[in-house]
Amino acid sequence: MVPEFKFKGLVINRQPRISVLFEVKAYNVSKIVDFLVDTGAFFSAITEREATIMNIDCSSLPYSKHEAVGFGGLFRNRMINREVVLTFRSDKDEYKVKCGSFLVTCIPPNVSGKEREKMIRYTPNVLGMDILRRFRTCVDKNQVELILKEN
């Protein structure tokens, strides 16, 4: 019998979160990213803020076909059109997910001042169903577990 691969995160302020190693070798980027586990999101995305912290120039990225709806309205996504590798690590194991591209949620350009700061502060990195479909997702009041589904 093959042991289950489990990856654990925490529920913080009633939001299930998990930390994942985010790598883009083409940009020489490797960083632990805290993701909101969102089973209602079709696509995973990092924020413009997170991309900027990783020295990824969002203005040089192409626009995605997919827009996101958030508390600030429609977000025009950009896309990292290079291979992205997400590494999920547990105490004993790791599991890598390779993505041909990855979305970056960008704040609408017509937003300024306090609203922009608020959106930058509260817009999360999101782990959506494009990635989560590989896992069984279990959330209780204190923790989230992603359990790798058997192929």
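What you see is a predicted model; the values in this text were computed from it and never measured. The basis for the numbers below is simple: all heavy atoms, side chains too, and nothing from hydrogens, waters or symmetry mates. The residues of the chain are indexed from 1 along the displayed sequence.
- In this structure, the side chain of D38 engages the main chain of G40 through a donor-acceptor pair within 3.5 Å.
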side-chain contact (heavy atoms from CB on, under 4.5 Å) between M119 and V111, worked out: CA-CA 9 Å; M119 292 170 81; V111 176; 3.7 Å; yes

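- Contact annotation: the side chain of L36 approaches that of R17 to within less than 4.5 Å [non-hydrogen atoms, C-beta and beyond].
- Between the side chains of K96 and T87, a donor-acceptor pair is found at a separation under 3.5 Å.
- A continuous path of Ile, Leu, Val, Met, Phe, Trp and Tyr side chains, each step under 4.5 Å between heavy atoms, connects L132 with V33, placing both in one hydrophobic cluster.
- Using a 4.5 Å heavy-atom cutoff, the side chains of L86 and V20 are in contact.
- The shortest side-chain heavy-atom distance between V84 and V29 does not fall under the 4.5 Å cut-off.
- Using a 4.5 Å heavy-atom cutoff, the side chains of R49 and I53 are in contact.
- In this structure, NZ on K65 lies 9.5 Å from CZ on F43, to the nearest 0.5 angstrom.
- Inter-residue side-chain proximity for F7 and I18 is flagged as met; some heavy-atom pair is nearer than 4.5 Å.
- Within the 4.5 Å cutoff, the side chain of L146 has no heavy atoms near those of the K6 side chain.
- Residues I107 and E48 come closest through the heavy atom pair N-OE1, 2.9 Å.
- Under the 4.0 Å criterion applied to side-chain N and carboxylate O atoms, E50 and K31 are assigned as salt-bridge partners.
- Residues satisfying the side-chain contact (heavy atoms from CB on, under 4.5 Å) criterion with K98, sequence neighbours excluded, are E83, V85.
- To the nearest 0.5 angstrom, N110 atom CG is 11.0 Å from E115 atom CD.
- Judged by distance alone, with hydrogens and angles left aside, the side-chain atoms of R121 form no donor-acceptor pair with the main-chain N or O of K118 at under 3.5 Å.
- Here the side chain of N77 pairs no donor or acceptor atom with the backbone of S64 at under 3.5 angstrom.
- Checked by atom type and distance alone, the side chain of S60 pairs as donor or acceptor with a backbone atom of D57 at under 3.5 Å.
- Rounding to the nearest 0.5 Å gives a distance of 4.0 Å between CD1 of I46 and CD1 of I80.
- Shown here for V97 and F88, the closest heavy-atom pair between the two residues is CG2-CE1, 3.8 Å.
- A centroid separation of less than 6.0 Å is found between the aromatic rings of F22 and F102.
- Between F135 and F5, the distance from one ring center to the other does not fall under 6.0 angstrom.
- L127 and Y95 fall within the same hydrophobic cluster, where Ile, Leu, Val, Met, Phe, Trp and Tyr residues are linked whenever their side-chain heavy atoms come under 4.5 Å apart, directly or through other members.
- When the shell of 6.0 Å around CG of D140 is examined, it contains more than 12 heavy atoms from other residues, nucleotides or ligands.
- The shortest side-chain heavy-atom distance between I131 and C99 falls under the 4.5 Å cut-off.
- Shortest non-hydrogen contact noted between S44 and G128 is OG-N, 2.8 Å.
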Go through V104 and I56 one step at a time and tell me if the side-chain contact (heavy atoms from CB on, under 4.5 Å) criterion holds. CA-CA 10 Å; V104 179; I56 297 172; 5.8 Å; no

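- Taking all atoms of both residues into account, the shortest heavy-atom contact from T47 to N125 is N-OD1, 2.9 Å.
- Remark: side-chain polar atoms of N81 are not paired, donor with acceptor, to backbone N or O of S101 under 3.5 angstrom.
- Minimum heavy-atom separation, L21 to S30: CD1-OG, 3.6 Å.
- With hydrogens and angles disregarded, a donor-acceptor distance shorter than 3.5 Å links the side chain of R78 to the backbone of L61.
- Residue L148 is grouped with residue F35 when hydrophobic side chains (ILVMFWY) are merged at heavy-atom distances under 4.5 angstrom, including chains of intermediate members.
- Closest non-hydrogen pair, K8 versus E145, comes out as CE-OE2, 3.0 Å.
- The shortest distance between side-chain heavy atoms of M129 and T39 falls below 4.5 Å.
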